[in-house]
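A short write-up of the structure that comes next.
Lettering follows sequence order; numbering is per chain, from 1.
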Protein chains: 2
Amino acid sequence: MNLKNPARQAPITTADKIFETMQHEIVEGEILAGSKISEPELAKKYQVSRSTLREALNRLEKCHLIERKANVGSRVVECSVQGLLEIYQVREALEGMACRLAAQNMQDDEIAELQQVLNAHGNEQQLKDGIAYYQEEGDLDFHYRVILGSHNEQLIKILCGELYHLVRMYRCQFGMNSPRATRAYDEHKAIMYAIADRDGELAEMLMRRHIAASRKNIENKLEKESE
Amino acid sequence: MNLKNPARQAPITTADKIFETMQHEIVEGEILAGSKISEPELAKKYQVSRSTLREALNRLEKCHLIERKANVGSRVVECSVQGLLEIYQVREALEGMACRLAAQNMQDDEIAELQQVLNAHGNEQQLKDGIAYYQEEGDLDFHYRVILGSHNEQLIKILCGELYHLVRMYRCQFGMNSPRATRAYDEHKAIMYAIADRDGELAEMLMRRHIAASRKNIENKLEKESE
DNA sequence: TTTAGTCCAATTGTCGACAATATGAGTCGA
DNA sequence: TCGACTCATATTGTCGACAATTGGACTAAA
């Protein structure tokens with residue numbers, strides 16, 4: 001079950017469906033990171049023509065999941081620690097700005113909804129304490145709403161359309177199950193208050209620290225694993 | 001004469017060439033902003049098949065110059081004041097982060113080159129005082145080097161590959177000829193010093209203010225024109 | 001006059017085949 | 001044995017044709 005993604009429309013054409021299928025398989029690692037994409041092979045696998053498959057590949061490239069070279073072909077992106085670090089740096093900058101704009105541009109009812117979402121997560125969290133998956137969905141949900149609250153189409157397009165699935169891919173492949181759930185939840189609340197107070201500067205700083213903390217947490221974990 | 005773009009490789013396939021041609025025509029406004037893209041018509045115009053043209057359209061969509069709807073077609077993006085504002089907000093966030101990372105990651109010889117570039121611009125500027133075009137090239141050149149200096153592949157891909165031409169499109173269509181040339185030049189120097197001092201925090205703030213000032217300058221100009 | 005429905009023309013999506021290019025095995029010569 | 005060259009094979013790029021869908025013109029009924 002896919003969680004709702006406000007930036008995507010329902011799949012219309014068959015290329016849409018192949019795109020979504022492959023996107024899912026790459027994110028989940030069923031198609032291995034770094035592996036070569038063979039157009040004839042996959043066209044046969046999904047029972048479509050190469051034209052349709054190539055259309056799907058173009059969209060996968062748009063969301064940074066594969067890379068193409070002229071006359072050579074496509075490869076699934078590699079998931080490196082360096083790459084993870086880079087993604088988080090981009091997110092820190094963009095979501096920080098989104099948060100500042102959200103404090104400036106969100107409607108009152110949007111803020112009320114954001115608060116309700118957080119409350120719901122708080123209640124759920126006590127029930128399902130320790131079950132990380134829900135927290136992750138809740139985390140994505142919160143970040144999504146803030147990004148949408150920026151009311152900046154470019155920002156939304158980049159974060160929700162072009163970077164979102166790459167972030168998910170890293171989460172899956174590095175097996176991140178949000179080990180700082182309660183802390184993250186409190187940080188979300190602090191961000192929400194800053195937005196409600198229309199304090200854009202503080203909201204941006206809190207969001208940046210929140211993402212940076214998440215990044216450091218992952219770095220520490222990977223470092224510990226490699227020992 | 002196109003200025004060098006470090007993020008692009010030379011055109012290999014015919015789709016590459018069509019892409020570059022159309023990109024240029026859209027940026028310069030020869031293909032009107034907001035106009036509908038007719039695949040059969042353009043395929044005939046450029047003497048290629050629709051497949052090849054569609055490949056080019058996919059790349060134009062990747063750099064945000066056109067928008068596609070399933071079963072309906074493509075349109076060139078509109079250039080609105082709102083859109084301009086949004087682009088500058090994204091740039092402020094991303095180039096600010098790039099500048100912070102540049103202070104942290106640039107090699108000493110890269111910094112030396114950056115300084116040389118600025119000096120060259122300073123000398124040229126005195127000679128060609130008032131001629132804005134060169135300054136604009138110089139401006140792009142400076143920003144480019146800082147972005148590359150971040151050594152963050154994702155950041156480089158987004159700024160130099162996906163947003164660069166949209167920025168150029170706005171510059172062309174709104175007829176921006178950098179009316180604050182000397183001031184901008186001094187700001188560039190201040191940024192360069194912060195990078196040389198390895199002061200990432202200051203470097204980020206200076207870059208953000210630099211871009212915000214540029215944005216406000218444009219806003220004022222447009223406001224004055226509409227009176 | 002307005003609104004709903006139908007049909008037609010044009011556009012987009014998909015397909016299979018051919019042309020151009022890269023990869024790798026094999027051969028020859030130093 | 002090593003390196004460069006040749007050639008065959010497989011993959012990617014491009015093409016033209018067909019199928020599916022959309023948007024608009026036209027008709028007819030309320």
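Look at A:R68 and you'll find a side-chain N or O under 4.0 angstrom from OP1 or OP2 of D:dG13. The phosphate of D:dT12 (OP1 or OP2) has no side-chain N or O of A:R54 nearer than 4.0 angstrom. The side chain of A:R50 contributes no N or O atom lying less than 4.0 Å from OP1 or OP2 of D:dA10. Between B:T52 and D:dG13, a side-chain N or O to OP1/OP2 separation shorter than 4.0 Å is absent. Close to C:dT11, at under 4.0 Å from its OP1 or OP2, lies no side-chain N or O of B:K69.
The residue A:S51 sits close to a base: some heavy atom pair falls under 4.0 Å. Here B:I37 lies in heavy-atom contact (under 4.0 Å) with sugar-phosphate atoms only.
Judged by distance alone, the side chains of A:N217 and A:S214 never bring a donor and an acceptor atom under 3.5 Å apart.
Atom CD1 in A:I12 sits roughly 22 Å away from atom P in D:dA19 (whole-Å rounding). In this structure, CD of B:E41 is placed 9 Å from P of C:dT11, rounded to the nearest angstrom. As a whole-Å value, the separation of B:L53 CG from C:dG13 P is 12 Å. Atom CD of A:E55 is separated from atom P of D:dG13 by 14 Å (rounded to the nearest Å). Residue A:R75 contributes atom CZ, which lies 15 Å from atom C1' of D:dT12 at whole-angstrom precision. Across the protein-nucleic acid pair, B:K36 atom NZ and D:dT22 atom P stand 14 Å apart, rounded to whole Å. As rounded to whole Å, 14 Å separates atom C1' of D:dG16 from atom CD of B:E39. When the P atom of C:dC15 is taken as reference, atom NZ of A:K44 falls 16 Å away, rounded to whole Å.
Distance from the side chain of B:N71 is smallest to D:dT21 among C:dC15, D:dT21, D:dG23. The B:P40 side chain lies nearest to C:dT12 when the options are C:dT23, D:dC15, C:dT12. Across D:dG16, C:dT14, D:dT12, the shortest atom-to-atom separation from the side chain of B:S49 is found for D:dG16. When the nucleotides D:dC15, C:dG13, D:dT12 are ranked by their closest atom to the side chain of A:T13, C:dG13 comes out on top.
None of B:T21, B:V77, B:I31 except one satisfies the side-chain contact (heavy atoms from CB on, under 4.5 Å) rule with B:I26; the exception is B:I31.
Comparing A:A70 and B:G73 against DNA chain C, the residue whose closest nucleotide sits nearer the 5' end is B:G73.
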Exercise for review: Could you go through the side-chain contact (heavy atoms from CB on, under 4.5 Å) check for B:V76 and B:L65 one step at a time?
Suggested key: CA-CA 6 Å; B:V76 180; B:L65 291 178; over 6 Å; no

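Residues B:H210 and B:H188 place their aromatic rings such that the two centres sit under 6.0 Å apart.
With respect to the salt-bridge test (charged N to carboxylate O, under 4.0 angstrom), the residues A:R59 and A:E55 qualify.
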